[in-house]
Amino acid sequence: MEEVKKIYLETYGCQMNFSDSEIVASLMQDEGYEICEKSDEADVIFVNTCSIRDNAEQRVRRRLRELKSVKKKNPFVKIGVLGCMAERLKQQLLEEEETVDMIVGPDAYRDLPALLDKVEDGQKAINVILSTSETYADITPVRLDKSGITAFISIMRGCENFCAYCVVPFTRGKERSRDPQTIISEAKALFADGYREVTLLGQNVNSYSWEENGRKINFASLLERVAEVDPLLRLRFATSHPKDISDELLKTIGKHHNICNAIHLPVQSGSSNILKLMKRNYTREWYLDRIAAIKKYVPDCAVSTDVIAGFCSETKQDHQETISLMREVGFDYAFMFKYSERPDTLAQKKLEDDVPKDVKSARLQEIIDLQQQLSHESNKNDIGKTFEVLIEGSSKKSKEFLMGRNSQNKVVVFPKESYAKGDYVHVKITGCTTATLMGEADPLF
Ligand code: 5AD
Ligand code: SF4
């Protein structure tokens, strides 16, 4: 009997990449491969990569060099680079990284079996063709997250916003939405399998758009349809662009208990001058107006953001505007980055990366310190409140405690008692750190 071939998948970058790896796993299982947990047991290793900042790429490069030792032990192992770095660097990556056998861009995963055949024949293989229509709508992802409670559903791909700093429109191609029927079927199947939370994913998730029998379905109407799958299936979505946060969408969130009250809304900068250079298509005032609308229609909504420190020509005054905006909004959480110039982007071609390294670092540190404070304040404000928490599993620190999230996406830890994964439980908050809420189940709530 022939031994079953094994594949090891390693994923870097955003949630979209993790979701893509689940599609790749599905395609490979159909080819008879088994997913394995260790790189040195594998016949094939796929590294699904990220190009968003230079340090993300450097990390992958170091990992590819490390994989040399795996190839030394097992010269037959084949290594494929998938995702954004594959798309950005193409052939160049084959030339620069000798361990790599194949390069596959984010829209070419259906070609993996054919590419692997080529590699088995001793050749190098590459497919980085971007598509205007591929959504992998018919593929049922193999869920790689083992919780069995939360899952991703990818609803659109690509991005055409061309923000001046961003490489994604080049690595992930044109924006395209997925057939809503396939999205709803996927949500129903997940619920039937015991999942209780899905996150709808897209690079610009709220610009989702589909036409069905002459009727337009926008993101708000899609969200509503998925919310109707079952009241016990919670919904989240990421990532939203401020230009597309409509009142209609906010009203839909406010109307449905199972659409979580948490919006990730990257601001990038608090200065309208910088936002203009970034080509974000909104001003500071527009962003603050959208925050006011969130508070109006979804009063207890948590808001998180992304911030870039030290974009081209950013002055001390611009930076201070970012700081003041963060204070004014009082973000619950933030991802914060130093600007990293990316090849071929508008900023790289037209603007100068002129904020000195040490100034960038100091500004980023100030932003991080402020966010720590804001997150802590936001958590302290929750002490005494009771939240509905969906239990995801044991707490990392102790089996005697459970961990879950409230609607606002905050991690809540509380004593296990007789509760179990997948249960909804009301938890009264009694304490917190900057990252976690602690409490006790309140069965009488
Ligand atoms: N440099 C730094 N941060 C970046 N991001 C995107 N491109 C860059 C870049 N060139 C950040 C943005 C985006 C998040 C996913 O990554 O904040 O929202
Ligand atoms: Fe990284 Fe962006 Fe690609 Fe996601 S889409 S992997 S964040 S470059």
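Whatever order the structure lists them in is the order used to number ligands and atoms, beginning at 1. Sequential numbering from 1 along the given sequence is applied to the chain's residues.
Of the heavy atoms in F337, only side-chain atoms (C-beta onward) come closer than 4.0 Å to ligand 1. Counting heavy atoms closer than 4.0 Å to ligand 1, residue V167 contributes nothing at all.
Geometrically, R59 does not engage Y12 in a cation-pi contact, judged by NZ or CZ lying under 6.0 Å from the ring centre and within 45° of the ring axis.
Less than 4.0 angstrom separates some heavy atom of R53 from each of these atoms of ligand 1: 1 (N), 2 (C), 3 (N), 4 (C), 5 (N), 11 (C), 16 (O). The atoms of ligand 1 that sit less than 4.0 Å from any heavy atom of I308 are 3 (N), 4 (C), 5 (N), 12 (C), 17 (O).
Considering both main-chain and side-chain atoms, Q268 comes within under 3.5 Å of ligand 1 through a nitrogen or oxygen pair. Considering backbone and side-chain N/O atoms, R342 never comes within less than 3.5 Å of an N/O atom of ligand 1.
Counting only heavy atoms from C-beta outward, the side chains of V104 and F46 never approach each other to under 4.5 Å.
Separating the CD1 atom in I308 from the CE atom in M336 is a distance of 13.0 Å, to the nearest 0.5 Å.
At least one donor-acceptor pair under 3.5 Å links the side chain of S26 to the backbone N or O of T140.
Look at K338 and you'll find a heavy atom under 4.0 Å from some atom of ligand 1.
Of the options L351, D318, V355, a side-chain contact (heavy atoms from CB on, under 4.5 Å) to F311 is made by L351 and by none of the others.
Ring geometry for Y333 against F335 counts as perpendicular: the plane angle is over 60°, on a 0 to 90° scale with 30° as the lower cut.
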